[in-house]
J.: 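Below you will find the structure I want to go over with you.
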Amino acid sequence: MMNWEKNIRRVVPYTPGEQPKEKDIIKLNTNENPYPPSPSVQEAIAVLTNDRMRLYPDPDAEILVNAIAETYNLKPSRIFVGVGSDDVLSTAFMTFFNSETPILFPDVTYSFYDVWAEVYRIPYRTCPLDGDFRIVPEDYKTKNGGIIFPNPNAPTGVLESISVIEDIAASNPGSVVIIDEAYIDFGGESCLPLIDKYENLLVVQTFSKSRSMAGMRIGFAMGSEKLIKYMNDVKFSVNSYTMNAAAQLCGAAAVRDKAYFSETVNRIVATREDAKKRLKALGFEFPDSKSNFIFAKHESVPAEKIFRKLKERRIYVRRWNKPRISEYLRITIGTDSQMEALYKVLEELLNE
Ligand code: PMP
């Protein structure tokens, strides 16, 4: 190793799901929304003026923050926005997890958490989910440097009740508790009302899934004014202009179109409920999902084989070769016709 390499911040990076270049595939591997964003987003981007591009964007992203504030009935000072919820979560890790006591998150969860912990040198400990992939609240009632988990959890899709979230928040007045609600709009009950009661509770959401805007990179956090102020202090110490002008305008337009949002979310929920019946009939089992994906295991055929064969047939799903979950496939809910194509191919390859 060269001398200069000795002091490098070495990390094993997060591996995002594949974004294949081919067009003729059925892409059910990264939990994107199969429907386009609200038509109002195209209108917003059409009026992106030269000046909006020539000048630096608003560092406070006021247009977007105000639109989110109105939608969720909060003061703008209780909202933090960022470049996808990954950016928001990363800033939250940097801001709030600054203790020598380990932070806690589930063993089976979003695989970015341990990466951020490593890159920011935050000690962490994972708490095993139970046999049904549920959180064990008692595990989070020990001394800790912070707590984070998604609700519904990823990649399992399992939703915990508000009372479980409240129990954990109430038991941890000494640390910040972050609930990553990336998938909450697909049938879960948000713990947002609890932020009025718990100053240390941060709720993070995204435009990538329920608002069909993964490519625009918009995420946000909601919490007490204090939490948001601390996050902004860190953000403005790293990069003032995180959100570009187009994302600010488009995000504001999207969040205001409530009718379109409900319509597309309801469509995905209906397709998901149908998928549960269809996958069960094909011999899959899975924890009940309240997200836009199903985490399924086949009764007899290994996941690796199904994954490989689906890919040969140009259908992409996601699989992790990790303890406890290597026999599962995470299947994003697509349109009805994409799902029909999936069932047809599955039927063929499971009968081979
Ligand atoms: N949290 C969870 C649980 C996720 O699955 C994802 C999607 N990969 C994210 C956060 C980040 O999504 P985005 O940065 O697109 O908002």
Side-chain angles (χ1 to χ4, degrees), residues 13-19 27-34 37 61 64 68 79-94 103 105-117 119 126 129 133 135 147-160 165 177-188 190-191 202-222 231 235 239 242-244 247-248 250-251 254-255 261 268 272 287 289-295 316-320 322 325 328-333:
Y14 169 76
T15 315
E18 261 184 279
Q19 294 293 347
K27 192 170 179 308
L28 307 176
N29 68 332
T30 48
N31 296 344
E32 286 132 336
N33 194 311
L64 177 61
I68 296 172
I79 290 155
F80 176 92
V81 295
V83 186
S85 54
D86 281 342
D87 178 44
V88 175
L89 290 164
S90 156
T91 305
F93 266 63
M94 214 192 307
I103 63 164
F105 49 82
D107 61 340
V108 177
T109 197
Y110 185 30
S111 46
F112 225 137
Y113 298 159
D114 57 347
V115 175
W116 285 315
V119 72
T126 59
L129 297 175
F133 290 135
I135 279 175
I147 290 171
I148 179 161
F149 56 85
N151 195 40
N153 197 5
T156 62
V158 173
L159 178 79
E160 298 296 345
I165 308 288
V177 177
I178 303 176
I179 307 300
D180 176 354
E181 292 192 337
Y183 302 100
I184 197 70
D185 295 326
F186 300 104
S190 172
C191 70
L202 189 78
V203 178
V204 178
Q205 295 192 3
T206 178
F207 282 48
S208 297
K209 322 290 178 181
S210 54
R211 297 184 195 278
S212 310
M213 291 175 82
M216 291 303 280
R217 313 304 300 128
I218 304 169
F220 59 108
M222 300 172 281
M231 287 182 80
K235 173 204 141 161
N239 178 2
T242 51
M243 296 203 71
N244 69 60
Q248 293 184 26
C250 293
V255 78
F261 169 74
I268 290 168
R272 177 191 71 206
S289 168
K290 292 285 183 199
S291 60
N292 69 336
F293 54 83
I294 291 177
F295 196 51
Y316 284 62
V317 297
R318 190 111 192 245
R319 172 178 174 261
W320 288 268
K322 282 188 171 177
I325 60 169
Y328 285 83
L329 299 171
R330 192 195 65 188
I331 304 167
T332 302
I333 303 300

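Numbering of ligands and ligand atoms starts at 1, following listing order. This one's a predicted model, so the numbers in the text were calculated from it and none came from an experiment.
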J.: Side chain, backbone, both or neither: which part of F112 comes within less than 4.0 Å of ligand 1 when only heavy atoms are counted?
T.: neither

J.: Evaluate S85 for polar contact with ligand 1, using N/O atom pairs at a separation under 3.5 Å.
T.: yes

J.: Can you tell me if F207 has a non-hydrogen atom under 4.0 Å from ligand 1?
T.: no

J.: Side chain, backbone, both or neither: which part of D180 has a heavy atom under 4.0 Å from ligand 1?
T.: side chain

J.: Using heavy atoms and a threshold below 4.0 Å, how should the contact between A182 and ligand 1 be classified: side chain, backbone, both, or neither?
T.: side chain

J.: Which of the atoms of ligand 1 are close to R217, meaning less than 4.0 Å from one of its heavy atoms?
T.: 13 (P), 14 (O), 15 (O)

J.: When you check the gap from the basic side-chain N to the acidic O, do E32 and K27 get nearer than 4.0 Å?
T.: yes

J.: May I have the step-by-step check of side chain to side chain donor-acceptor pair (under 3.5 Å) for T109 and N153, ending in yes or no?
T.: CA-CA 6 Å; T109 197; N153 197 5; 3.0 Å; yes

J.: Give the atom numbers and elements of ligand 1 that come within less than 4.0 Å of a heavy atom of G84.
T.: 14 (O), 16 (O)

J.: Under a 3.5 Å cutoff, is there a donor and acceptor pairing between the side chains of Y113 and D180?
T.: yes

J.: Looking at non-hydrogen atoms alone, which of P150, S208, G219 comes nearest to atom 15 (O) of ligand 1?
T.: S208

J.: Between the side chains of N31 and Y183, does any donor sit under 3.5 Å from an acceptor?
T.: yes

J.: Check the orientation of W116 and F112. Use parallel for under 30°, tilted for 30 to 60°, and perpendicular for over 60°.
T.: parallel

